[in-house]
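Below you'll find the structure, written out as structure tokens, and then a few comments.
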Amino acid sequence: MPLVVQKYGGTSLGNAERLQNVAHIIANTVKQHKVIVVVSAMSSYTKAEGTTSRLLEAGNLAINGGPFFRVLDLVEQSHFKALEEAISDTVIMEEVKEYIHEELRSLKAFLEAIHVIHEISPRSQDLIIGTGERLSARLLSGVLKSYGIDSTYTDLSQCVEENLSPNNGEFYSLCQQAFRKKLPENQNDVPVMTGFFGFVSGGIINRIGRGYSDLTAALIAAEMQAEELQVWKEVDGIFSADPRKVPTASVLDAISPSEAAELTYFGSEVLHPFTMERAIQSKVQIRIKNTFAPEKPGTLILPEGLDEESQSKRIQLKRTAIAVTTKNNIQTLNINSNRMLHSSGFIAKVFDAFRHHGVVIDLISTSEVNISCTVNDPDELDDLTRDLEELGTVTVLGERAILSLVGEGMRTTPGTAGKMFSALAEEGINIEMITQGASEINISCVILQSQTSEALKAIHRAFLENQ
Ligand code: ASP
Ligand code: MG
């Protein structure tokens, strides 16, 4: 049977009803596929109240002498409530409960120690947040068993060789091999894997970032050459624009991996960016699905070079543009200096200052005497500006947004930029900076944040409606 890897987001597992719903989806899938499940930590309401956020908060409280145990009690309560309601078999229920209680008890002891030494290393932080996925994976595995689906809880917490760095060129393949070794011996079991894996040198949050479970799922799908990676979320798929801001936005049937990658970098939180990188390399087909509306087709991210049927689906990818997004809370930094003329080391010095302060740049545009960069509200903005002032005159413009139009079809359609800028001009929206990479799959410009709503609607009307 062909293999499908299913990744479930924390909100899709947020309470008993949702866990049961996920168990139904898995039960339907196993009829025709082998399934490997990867889970994120449970999130009852919003991400901020999710288990991972609570665990990070507990860690901070432990360092500062705050009542971290109360936060852990909340985590225990939400898991207990969910499992008591979702698992009817009392033996399984007690086993899962015991596991969760034990995990949180040892985490409490660990945080007591952190409290005494007033310090959390990246590795300690990994130990703390990894608890989130251990609890949700154990819990979902229990729910599946109580539904009669043979399932094995699979903990990836310590499966990677110590201090493996994401900078290592073989990072992905080494992780993949480590994950494969953890697969249950009984091939008929549905493994429920923790999206958390460790230990990553420098810590998973610092080096990979929130949302790492998507990457775990992509790696396992690549390693096992799955027919499809399904990312189950709480939305119908990838939209042509944020539907909360553009009511006429529609779900995209199929997009290319490069388009999906652009969208994840520029404001739409669809998938963890590294996920796309691995999916592109290994030609994994990804489908975004909605756990609350599993009958809907979702959005397919189709790699190139698949069979003919898949290629025909790509025909619809030939649209000029597929989506428009915005990223808010942007500042533009302009560095102006005559010293830049005929000077080879100038740009290196500017970027060195950014590196020194750990500030990430989104867009860059340069002229003979000016460099403009956008940054996303960094902590060290003032210090960075002070250093840059030694190189030239610096101006910082805040309350800006990046507007990006994305689509592979733009490469072959002359006049796209002209049409985009006219659509904005007609709404009286001023463009302060423009960039387009050589790949011509994304045209981005900087506008006033206060004008993002009109800008999104205008661009959506011009490119993405009635095509
Ligand atoms: N639970 C983790 C987070 O919230 C990982 C994930 O969701 O993928 O970042
Ligand atoms: Mg996520």
Side-chain angles (χ1 to χ4, degrees), residues 5-15 18-19 22 36-60 71-72 74-76 78-79 82 100 103-104 107 120 122-141 153-160 166 172 175 179 192-200 202-222 229-235 260 264 268-279 286 288-291:
V5 174
Q6 297 188 324
K7 184 254 160 174
Y8 290 95
T11 313
S12 298
L13 309 166
N15 58 34
R18 294 182 195 171
L19 284 159
V22 164
I36 296 177
V37 175
V38 177
V39 293
S40 175
M42 202 168 126
S43 215
S44 308
Y45 307 99
T46 62
K47 195 165 175 169
E49 288 169 274
T51 306
T52 308
S53 302
R54 281 183 170 158
L55 293 172
L56 286 166
E57 186 195 340
N60 287 333
V71 180
L72 296 192
L74 284 176
V75 170
E76 183 165 280
S78 55
H79 283 78
I100 290 175
E103 273 284 320
L104 288 169
L107 181 57
I120 295 192
R123 192 172 162 143
S124 308
Q125 195 178 51
D126 276 3
L127 268 168
I128 297 167
I129 57 164
T131 310
E133 278 81 20
R134 285 196 291 279
L135 302 190
S136 62
R138 185 70 184 84
L139 175 50
L140 179 63
S141 175
Y153 161 59
T154 310
D155 181 9
L156 300 182
S157 293
Q158 298 184 26
C159 71
V160 174
Y172 291 149
C175 288
F179 297 175
V192 182
M193 296 186 141
T194 58
F196 176 88
F197 64 93
F199 291 102
V200 175
I204 203 162
I205 292 279
N206 297 335
R207 302 301 300 281
I208 295 180
R210 297 291 304 266
Y212 45 78
S213 306
D214 290 346
L215 174 65
T216 313
L219 292 174
I220 195 82
L229 163 62
Q230 297 178 347
V231 180
W232 289 83
K233 300 172 71 81
E234 302 78 39
V235 287
T264 47
S268 67
E269 207 193 297
V270 183
L271 286 168
H272 188 284
F274 294 178
T275 312
M276 289 319 306
E277 187 178 60
R278 193 53 174 163
I286 304 179
I288 314 284
K289 294 274 289 174
N290 189 349
T291 28

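The analysis underlying the following values was restricted to heavy atoms, covering all of them including side chains, and did not include hydrogens, waters or symmetry mates. Start at 1 and go down the list; that is how both ligands and their atoms are numbered.
- Close approach of ligand 1 to Arg210 is summarised as follows: ligand atoms under 4.0 Å from at least one heavy atom of the residue are 3 (C), 4 (O), 9 (O).
- No N or O atom of Asp214 sits closer than 3.5 Å to an N or O atom of ligand 1.
- In this structure, Gly50 does not count as a contact residue of ligand 1, since none of its heavy atoms falls inside 4.0 Å of the ligand.
- If you look at Phe196 next to ligand 1, there are no close heavy atoms at all, none under 4.0 Å.
- If you number the atoms of ligand 1 from 1 as listed, the ones under 4.0 Å from a heavy atom of Ser213 come out as 5 (C), 6 (C), 8 (O).
- The closest donor-acceptor contact from the side chain of Asp126 to the backbone of Phe199 lies at 3.5 Å or more, if one exists at all.
- Between Ser78 and Arg54 the shortest heavy-atom distance is OG-NH1, 4.0 Å.
- Interface of Ala41 with ligand 1, defined as ligand atoms under 4.0 Å from a residue heavy atom, comprises 1 (N).
- Under the side chain to side chain donor-acceptor pair (under 3.5 Å) criterion, Asn15 pairs with no residue at all, not counting sequence neighbours.
- Residue contact check: Gly211 has heavy atoms under 4.0 Å from atoms 3 (C), 5 (C), 6 (C), 7 (O), 8 (O), 9 (O) of ligand 1.
- For the atom pair OG1 (Thr216) and CZ (Phe179), the distance works out to 5.0 Å, reported to the nearest 0.5 Å.
- Taking the side chain to side chain contact (heavy atoms under 4.5 Å, CB included) definition, one finds that Arg134 meets it with Tyr99, Glu103, Thr131, Tyr153, Asp155, Ser157, Thr194, sequence neighbours left out.
- Just one residue in the list Ile220, Leu219, Ile286, Val231 forms a side chain to side chain contact (heavy atoms under 4.5 Å, CB included) with Val5, and that residue is Ile220.
- Taking 4.0 Å as the cut-off, His272 does not count as a neighbour of ligand 1 on heavy-atom distance.
- No side-chain N or O of Thr291 forms a donor-acceptor pair with one of Glu234 less than 3.5 Å apart.
- With atom 1 (N) of ligand 1 as the reference point, the heavy atom nearest to it among Leu56, Leu55, Thr52 is part of Thr52.
- Inclusion of Ser40 in the set of residues having an N or O under 3.5 Å from an N or O of ligand 1 is warranted.
- For ligand 1, the atoms sitting less than 4.0 Å from at least one non-hydrogen atom of Glu133 are 1 (N), 2 (C), 5 (C), numbered in the order shown with element in parentheses.
- To the nearest 0.5 angstrom, Ile204 atom CD1 is 4.5 Å from Phe197 atom CZ.
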